[in-house]
Each structure stands twice: as structure tokens, then as C-alpha cells.
Amino acid sequence: MTKKRQLAFTFTRGLLAIVIALLVATLLIFISSNGANAAEKLAATKNALTQLLIGPLFKTDSSGTVGAFQAKRLTDILASMIPIMFTGMAVCVMFSANQFNLGAEGGCMLGGFVGAMVGIYVPMAAGLHPIVCVICGGLATAAMMLIPALLKTKLGVSEMVCSLMLNYIIMYIIKFLMNTYLADKSKGQVQSLMFPETSKIAPLVNDGSKLSLGFIAALVVVVLAGLFMFRTRWGYAIRMIGINQQFSMYSGMKVGAVIVLSQVLGGFLAGMGGAVEVLGRFLYYNWTSLPGYGWTGVTIAILASNNPFYVPIAAFFMAYLTKGCGLMSTYASVPSQLIDIVQGVIFLFFAAEQFLSRYRQKLVVKTAEEEIARKKAAEAEAAKGGAENA
């Protein structure tokens, strides 16, 4: 199949999965909506869908009337994209090597914690301070990812099970440290000391949306991650091992080292995302449970087909849906947990290998037929030229 057709197939498959997920969401909204009859339920469903699909960018009221464009809502969506772009890229790298590591969730929390503690207890000059905090958060998570990576390569332990359990180990260690040693005892909740001004990531716009310079950093990392995956030999090795590990081994690649590299690099990206989110959005560290960004990152990686260049698009889609579900919950009395159902349906259809398999087979056959036709035409042209020269 040509690259153009492969791209078209991926786009069509993704779009259809999203449409099916939204249709399922519409059905659930209709079932759960308030109304004495079908007409009232349809009106309530229409209002809810307006909040979900249009509300994130335009002002809407409880009756579903659409008003003016809201720039603040757009910047809210862009701010929500920051951590999930990092976790999406982390999962892309690990999944590209066929390593189903789910540690981006705990890695994001650990990166945020370490970045926050460096920001509070290691004074530095402004400008340098947040950069060092983010790098330290990334390095701490990269070191954490060595655990499932080495257990996988040395002992054959499932990286999925190991990383999943590691998420909760990290969460409870951080909770213990916060409750016992690091919490600000003068406050009525479990939170750290206030971040010094030198450690904070500056806002990108001053509209109260919490959109920080971390958004620009995330886009830069997207480009670097894409170039790494598609323009370096290490990225090529990661992708080849993901496609066929046995072939990669027999061709001389150091499979174990590349598997470790993919998980460590994924951990570094997830940790950076946590540190950028904490220092760019909050005044202090107060995460005592898993933030959820890693789980969303899995959906984003699936939507992006493990391609870092597509991560911003997938992240915008997920942030847009999350914002829409929040508005729908506020103005249409529909549970905001609907976003989890939408994510689950998208995941289901993307994970289904036979979804649109016949359409893909037709594209492959059509490409092969065109290639054969071109070869026959070239041979006929060559034979005709030979006959004329004779």
C-alpha cells in the first residue's frame, strides 16, 4: 500500500471510530436524559450534544443557544493539552517498540513531585530554575522506568503488569512522603510549601486559563520526538523491533538495549509532562492520587497511531471532549464520566485488528494491481522501443 493510501486508511479508520463513539455517547445521553416523553428526551439530547460539540469554543446557555466565540475556552483547551501531549508521546515511543508499558500515569505523578520538590528546596536563578526542575522530573521517571524495562529484558516479566503495579507504589510513596515530611502543616489540606517565583513556568497568555509556556515546550518536544523516531537509527530500531522482534534480533540489533531505551525515553517524556503541568498550573504540589494523564495518553497514542507528529491533534480532540463533557454536566445534567465511555469505545475500535480490514485489503489489492499494470506498461514500452531500434 502506498504511503498516501496508508495515511488515508488511518484517517478513515480513526474518524469512523470517533463517529461510532459519539453515536454511542448520543444514545447514552438520550437514555439518561430527563424527559417525560421521546420529544422531551430528544430536546434534552440536542442540548447536551450542543454543549459537548460546540460549547467548548462558543458561549452556550442551558437552553442550548449558541453565542459568540470564547477565546478563554480555547486557551483552557490548549492548557489541558500540555500534560497529555507529553504522556501521549511517552506512550507512542513505548508502544512503537511493542512494549505495553502503562507507567506513564505514575511517571507523570512522579515527575510532577520531583520537579516540585526541586523547585521548593533547591534555589536557583529565575529562567534556569524551571528548566532544571523539569529535567529532574524527567530523569527521576526515566530511572523508575528502568525497573519494568530491566525486569522485561532480564527475567521476562510482563512490562504491562509491572508498570501498572508500579503506578500505585509510586502514588503511595508520594502520599507517605507528603503526609509525613513534606506537607505544609499550616494548611488545612495535604499540600507542599508554595513554589518560589523562580521555579514557576511563566504563563503564555494572561487570561486566567493557566496556559503556560509549557505548551510551546510540548510542541518542541513533539517535533524532536518525531524526528527521533523517523530520522535516527535509534528510532528506526525501536520501530523495527515493534514490527518484528525476531527479525530484528536475527538482523543484529541489540533488542534488549533498544527495549530498555524505549521505556526509559518514554518515562523521561512522561516525567517532563508532570513537572511542566505542576509548575505551570499550580501554586503548590497537592497531587495525592494518580492524575489520570497517563491513561489519557494511552488513548492519544492509539489515536495518533504511535506517531508523535499526530499527538497534538489527538490531544486537542481529547481536551476538547473533556471540556465539552464538563459543560454538558453543568448545563445539561449529563454525567461528565461520559468521556470515559467515549475513550473506551475509541480504544475498542482502534484495538480491533479486524475493524475495516476488508477496506484495507481492497486498498492493498488495488495498489498491487496498479503496480503490476505499471510494470506491464513499462515492459511494453521497452519492447516497442527495442523493435523500433531494430
State, with a plain yes or no, whether a side-chain heavy atom of [X] is found less than 4.5 Å away from one of [Y].
{"X": "L166", "Y": "P148", "result": "yes"}
{"X": "P312", "Y": "M85", "result": "yes"}
{"X": "V365", "Y": "E369", "result": "yes"}
{"X": "E40", "Y": "N37", "result": "yes"}
{"X": "K200", "Y": "L279", "result": "no"}
{"X": "V221", "Y": "F86", "result": "yes"}
{"X": "V190", "Y": "N286", "result": "no"}
{"X": "M272", "Y": "V134", "result": "yes"}

For the hydrophobic clusters of this structure (ILVMFWY residues joined by side-chain heavy atoms under 4.5 Å, transitively), does one cluster hold both [X] and [Y]?
{"X": "M144", "Y": "I135", "value": "yes"}
{"X": "I173", "Y": "I170", "value": "yes"}
{"X": "I313", "Y": "M81", "value": "no"}
{"X": "Y250", "Y": "V255", "value": "no"}
{"X": "L146", "Y": "F268", "value": "no"}

Distance check, rounded to the nearest 0.5 Å: [X] atom [atom1] versus [Y] atom [atom2]?
{"X": "L261", "Y": "I238", "atom1": "CG", "atom2": "CD1", "value": "4.5 Å"}
{"X": "I259", "Y": "L150", "atom1": "CD1", "atom2": "CG", "value": "11.0 Å"}
{"X": "W287", "Y": "E277", "atom1": "CH2", "atom2": "CD", "value": "5.5 Å"}
{"X": "T232", "Y": "L224", "atom1": "OG1", "atom2": "CG", "value": "11.5 Å"}
{"X": "M253", "Y": "I241", "atom1": "CE", "atom2": "CD1", "value": "6.5 Å"}
{"X": "C162", "Y": "E159", "atom1": "SG", "atom2": "CD", "value": "9.0 Å"}

**Message:** Between S96 and M229, is the side chain to side chain contact (heavy atoms under 4.5 Å, CB included) condition met? List the steps.
**Reply:** CA-CA 9 Å; S96 292; M229 291 299 295; 3.6 Å; yes
Can you see which heavy atom on [X] is nearest to which on [Y], and at what distance?
{"X": "K185", "Y": "T180", "value": "NZ-O, 4.3 Å"}
{"X": "M94", "Y": "G266", "value": "CG-CA, 4.1 Å"}
{"X": "S262", "Y": "V93", "value": "O-CG1, 3.6 Å"}
{"X": "G88", "Y": "I300", "value": "CA-CG2, 4.1 Å"}
{"X": "I120", "Y": "S192", "value": "CD1-OG, 3.4 Å"}
{"X": "I82", "Y": "S212", "value": "CD1-OG, 3.9 Å"}

**Message:** A quick test of your reading: do over 12 heavy atoms of other residues, nucleotides or ligands sit less than 6.0 Å from CE of M124?
**Reply:**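 For M124, atom CE is crowded (more than 12 foreign heavy atoms under 6.0 Å).
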**Asked** Considering residues, nucleotides and ligands other than K59, do more than 12 of their heavy atoms fall under 6.0 Å from its NZ?
**Response**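 No, NZ of K59 has 12 or fewer neighbouring heavy atoms, counting only those of other groups under 6.0 Å.
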Show every donor-acceptor pair shorter than 3.5 Å between a side-chain atom in residues 101-110 and any protein atom, with sequence neighbours excluded, or say none if there are none.
residue	atom	partner	partner atom	Å
N101	OD1	G103	N	2.7
N101	ND2	Q263	OE1	2.7
E105	OE1	G292	N	3.4
E105	OE1	Y293	N	3.2
E105	OE1	G294	N	2.6
E105	OE1	W295	N	3.2
E105	OE2	G292	N	2.4

**Asked** When you look at L74 and Q70, which way does the side chain to side chain contact (heavy atoms under 4.5 Å, CB included) test go after all the steps?
**Response** CA-CA 7 Å; L74 175 60; Q70 300 290 298; over 6 Å; no
**Item:** Derivation of the side chain to side chain contact (heavy atoms under 4.5 Å, CB included) call for V223 and V220
**Value:** CA-CA 5 Å; V223 174; V220 171; 5.9 Å; no
**Request:** Would you please name every residue forming a ring pair (Phe, Tyr, Trp, His ring centres under 6.0 Å) with F69, sequence neighbours left out?
**Result:**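 With neighbours one apart ignored, the set is F58.
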**Prompt:** Residues in ring pair (Phe, Tyr, Trp, His ring centres under 6.0 Å) with F95, at least two apart?
**Reply:**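 In terms of ring pair (Phe, Tyr, Trp, His ring centres under 6.0 Å), with neighbours along the sequence ignored, F95 is linked to F100.
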**Item:** ring pair (Phe, Tyr, Trp, His ring centres under 6.0 Å) contacts touching residues 112-155 (sequence neighbours left out)
**Value:**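 Listed once each, the pairs are F113-Y285.
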**Item:** Sequence neighbours excluded, every pair satisfying ring pair (Phe, Tyr, Trp, His ring centres under 6.0 Å) that has a member inside residues 217-243
**Value:**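 Sorted pair list comes back empty.
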**Message:** Please determine whether side chain to side chain contact (heavy atoms under 4.5 Å, CB included) holds for the pair L23 and L27, giving the CA-CA distance in whole Å, both sets of side-chain angles, and the decisive distance to 0.1 Å.
**Reply:** CA-CA 6 Å; L23 289 175; L27 178 61; over 6 Å; no
**Prompt:** Can a donor-acceptor pair be found between the side chains of Q51 and T60 at a distance below 3.5 Å?
**Reply:**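 Present: a donor and an acceptor within the cut-off.
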Between [X] and [Y], is there a donor-acceptor pair closer than 3.5 Å when you use the side chain of the first and the backbone of the second?
{"X": "R239", "Y": "A97", "value": "no"}
{"X": "S329", "Y": "C325", "value": "no"}
{"X": "N179", "Y": "K175", "value": "yes"}

**Asked** Salt bridge between E371 and R374, side-chain N to carboxylate O under 4.0 Å?
**Response**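 Salt bridge flag = yes for R374 with E371.
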**Prompt:** Of all residues at least two apart in sequence or in a different chain, which pass the side-chain hydrogen bond (donor to acceptor under 3.5 Å, both in side chains) check with Y284?
**Reply:**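 Scan of Y284 (side-chain hydrogen bond (donor to acceptor under 3.5 Å, both in side chains), adjacent residues dropped) gives Q189.
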**Request:** Test S186 against D184 for side-chain hydrogen bond (donor to acceptor under 3.5 Å, both in side chains), laying out the working first.
**Result:** CA-CA 5 Å; S186 65; D184 186 351; 2.7 Å; yes
